[in-house]
4 protein chains.
Amino acid sequence: MTSFHLQVTTGAGTPIYRQIVEQVRLAVATGALVAGDSMPSVRSLAERLLVNANTIVKAYAELVRDGVLESQQGLGFFVAQRRQIYSKAERRRRLRHAVDALIHEAVFLDFTADEVRDAVDEKLTELDWHAKSPGAKA
Amino acid sequence: MTSFHLQVTTGAGTPIYRQIVEQVRLAVATGALVAGDSMPSVRSLAERLLVNANTIVKAYAELVRDGVLESQQGLGFFVAQRRQIYSKAERRRRLRHAVDALIHEAVFLDFTADEVRDAVDEKLTELDWHAKSPGAKA
Amino acid sequence: MTSFHLQVTTGAGTPIYRQIVEQVRLAVATGALVAGDSMPSVRSLAERLLVNANTIVKAYAELVRDGVLESQQGLGFFVAQRRQIYSKAERRRRLRHAVDALIHEAVFLDFTADEVRDAVDEKLTELDWHAKSPGAKA
Amino acid sequence: MTSFHLQVTTGAGTPIYRQIVEQVRLAVATGALVAGDSMPSVRSLAERLLVNANTIVKAYAELVRDGVLESQQGLGFFVAQRRQIYSKAERRRRLRHAVDALIHEAVFLDFTADEVRDAVDEKLTELDWHAKSPGAKA
DNA sequence: GTGGTCTAGACCACG
DNA sequence: GTGGTCTAGACCACC
């Protein structure tokens, strides 16, 4: 049970289960969590974050569906081997969807197109992330 | 559910939701309701006062906006401790957050930085959206 | 709202939400439901089947994730254009998983390998289904 | 929750769960409990009788197996109306059901009939499992 | 102890 | 009215 940092803010717009999903995904992407690591149990995490156990169940279920976690009955959840479960078309579709969400928020916040581009660039260079991971191929 | 007295008179000049707002405010001001007290549920109060549930929703919403009440998803409304309003850097924070969400999804889907940039550019030019609306102020 | 037949049996081993998912998938596969058809509302279906609304929510959510349905906020759920969202590897993985489930049940029921083969053949010829649908390609 | 009398004596020869089973059976037989009556929840009864919750679970499970009680997920246990035991063709029915599940998934994943047959064969030969275990009887 | 399914019923955002 | 998120707490299957 690698106790990586996990934190949720209630009252914010984003649902709690979504925050958990995002943070776990990020932790896996950055290597804070690696394949085989065990996740905190549904109940213990619910207590730690002061949320209902079913909220954790929902978050873990989504991560399982997306191939990020795997469940072992009676043992708990574990970080899965990284694999690309989506078809090329579906991946493009999802990227477009994510871009739309960003633009939607930016429009709502009244930013300009250039400000959006800058913000994206800034984040990309900050991560210094250019190429695909070699082993990943749908 | 501290059952403080609450009473509305229909047919009077003042809207029902305003009467509720005023009475709750008064109750808080006088100490009849203190921080942490739970309010009657929207439905139960609607039944008790023989008014439409949306009327209660409207009254509670105004009290939340004014920081008098707080809502806890799935539990109900509670008398608030204090209130805080954010703005200013909040806008910037939310843009960064939206960008993060996009990048995380892109990383998860195993796209490259350039593919992300292209997808964003594509969407921006598609919308042909360059400048802030004149009346908007950063 | 094409009122195709939908029926659940409580007390059986299979969860209610799973039964719903299967039946909707089958209806789409057989053409009983076609792209654009609207699904019964969460609430109405919950009443009709005498189950909790959240059970329907869970079933519909899974169908959305699998690309079978699409949700339009405030309007309801609709049958989506058929598309293959999974990568080739993931499809093989899922087929293997489905085969494992069958074998597991057959072993548990103490059938022979040939009996399993026959049962599969019987069903396949019954459906007279040989080739991929032309337009489907990940 | 018809609060019929229920009492256990520890230290006696008969196991606690058997005492509970007998008393519930008797209550049903004498009409102290009638069809539809709800039973005390597992946890509450465990607390009331000062025994472990699993003991109650065991007693209730036996009563369910015997058709005395019925369980309604999320609601609790209720005195059953009647009972029915299945077998015989049930085995065949369950195999067909399992096959159907496989075929549905395969159709959904857009595999061909031959691909399904191959996948099944592959798994069967992998297990090198041909015959029934000698002691088993259809 | 673990996860999984289900019920009941709350508020929320959207149309 | 629609779907969506959340809480609370029940039983179930597995280890």
Side-chain angles (χ1 to χ4, degrees), chain A residues 1 8 10-20 38-46 50-61 64 69-78, chain B residues 1 38-45 53-54 56-57 60-61 64 69-78, chain C residues 1 8 10-19 38-46 50-61 64 69-78, chain D residues 38-45 53-54 56-57 60-61 64 69-78:
Chain A
M1 206 277 275
V8 294
T10 173
T14 40
I16 297 174
Y17 88 92
R18 207 95 264 303
Q19 299 180 40
I20 297 172
S38 77
M39 298 294 297
S41 87
V42 168
R43 258 95 120 162
S44 71
L45 188 53
L50 299 175
V51 302
N52 187 278
N54 282 339
T55 303
I56 310 295
V57 167
K58 191 172 182 181
Y60 277 13
V64 167
L69 299 184
E70 279 171 352
S71 159
Q72 262 185 282
Q73 253 296 20
L75 287 182
F77 287 86
F78 299 83
Chain B
M1 206 279 274
S38 77
M39 298 295 296
S41 87
V42 168
R43 254 96 120 166
S44 71
L45 187 53
N54 283 333
I56 311 296
V57 168
Y60 278 13
V64 168
L69 299 184
E70 279 173 349
S71 155
Q72 255 186 291
Q73 259 289 26
L75 286 184
F77 287 86
F78 299 82
Chain C
M1 204 276 273
V8 294
T10 173
T14 42
I16 297 175
Y17 88 92
R18 208 94 264 304
Q19 299 180 39
S38 78
M39 298 294 297
S41 88
V42 168
R43 258 94 119 163
S44 69
L45 188 52
L50 299 175
V51 303
N52 188 279
N54 282 339
T55 303
I56 310 296
V57 167
K58 191 172 182 180
Y60 277 13
V64 166
L69 298 184
E70 279 170 352
S71 157
Q72 263 186 280
Q73 253 294 19
L75 288 183
F77 287 86
F78 299 83
Chain D
S38 79
M39 298 295 297
S41 89
V42 168
R43 253 97 121 167
S44 71
L45 187 53
N54 283 333
I56 311 296
V57 167
Y60 277 13
V64 167
L69 299 185
E70 279 173 350
S71 156
Q72 256 185 289
Q73 260 288 27
L75 286 184
F77 287 87
F78 298 83

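Below, read A as the first sequence line, B as the second, and so on, with proteins coming before strands; counting in each chain starts at 1. Small disclaimer: the values here were computed from a predicted structure and weren't measured.
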**OP:** Please report the shortest heavy-atom distance between A/N52 and A/N54, naming the atom on each side.
**Re:** OD1-N, 2.7 Å
Original post:
Which pair of heavy atoms, one from B/Y60 and one from B/P40, lies closest together, and at what distance?
Top reply: OH-O, 2.9 Å
Original post:
Hey, does the side chain of C/Q19 reach the backbone of C/T14 with a donor-acceptor pair shorter than 3.5 angstrom?
Top reply: yes
**OP:** Considering non-hydrogen atoms only, spot the tightest contact between A/A46 and A/A53 and give its length.
**Re:** CB-CA, 3.6 Å
**OP:** Represent DNA chain F in dot-bracket notation, 5' to 3'. Only Watson-Crick or G-U wobble pairs with both distances under 3.5 Å count; pseudoknot-style crossings use [ ] and interstrand partners use |.
**Re:** ||||||||||||||.
**OP:** Determine the minimum heavy-atom distance between A/V57 and A/V42, stating which atoms define it.
**Re:** CG2-CG1, 3.7 Å
**OP:** Report the distance from atom CZ of D/F77 to atom CD of D/E70, rounding to the nearest 0.5 Å.
**Re:** 11.0 Å
Subject >> Atom pair NZ (A/K58) and CD1 (A/I16), whose distance is rounded to the nearest 0.5 Å >> reply: 11.0 Å
**OP:** To the nearest Å, give me how far apart CD1 (C/I56) and P (F/dT2) are.
**Re:** 13 Å
Original post:
Could you write nucleotides 6-12 of chain E as a row of B, S and -, 5' to 3', where a protein heavy atom under 4.0 Å of any base atom gives B, of only sugar-phosphate atoms gives S, and otherwise -?
Top reply: BSBBBBS
**OP:** Measure the spacing between CE of D/M39 and OG of D/S71 and express it to the nearest 0.5 Å.
**Re:** 12.0 Å
Original post:
In whole Å, what is the span from the CG atom of D/L69 to the P atom of F/dC12?
Top reply: 11 Å
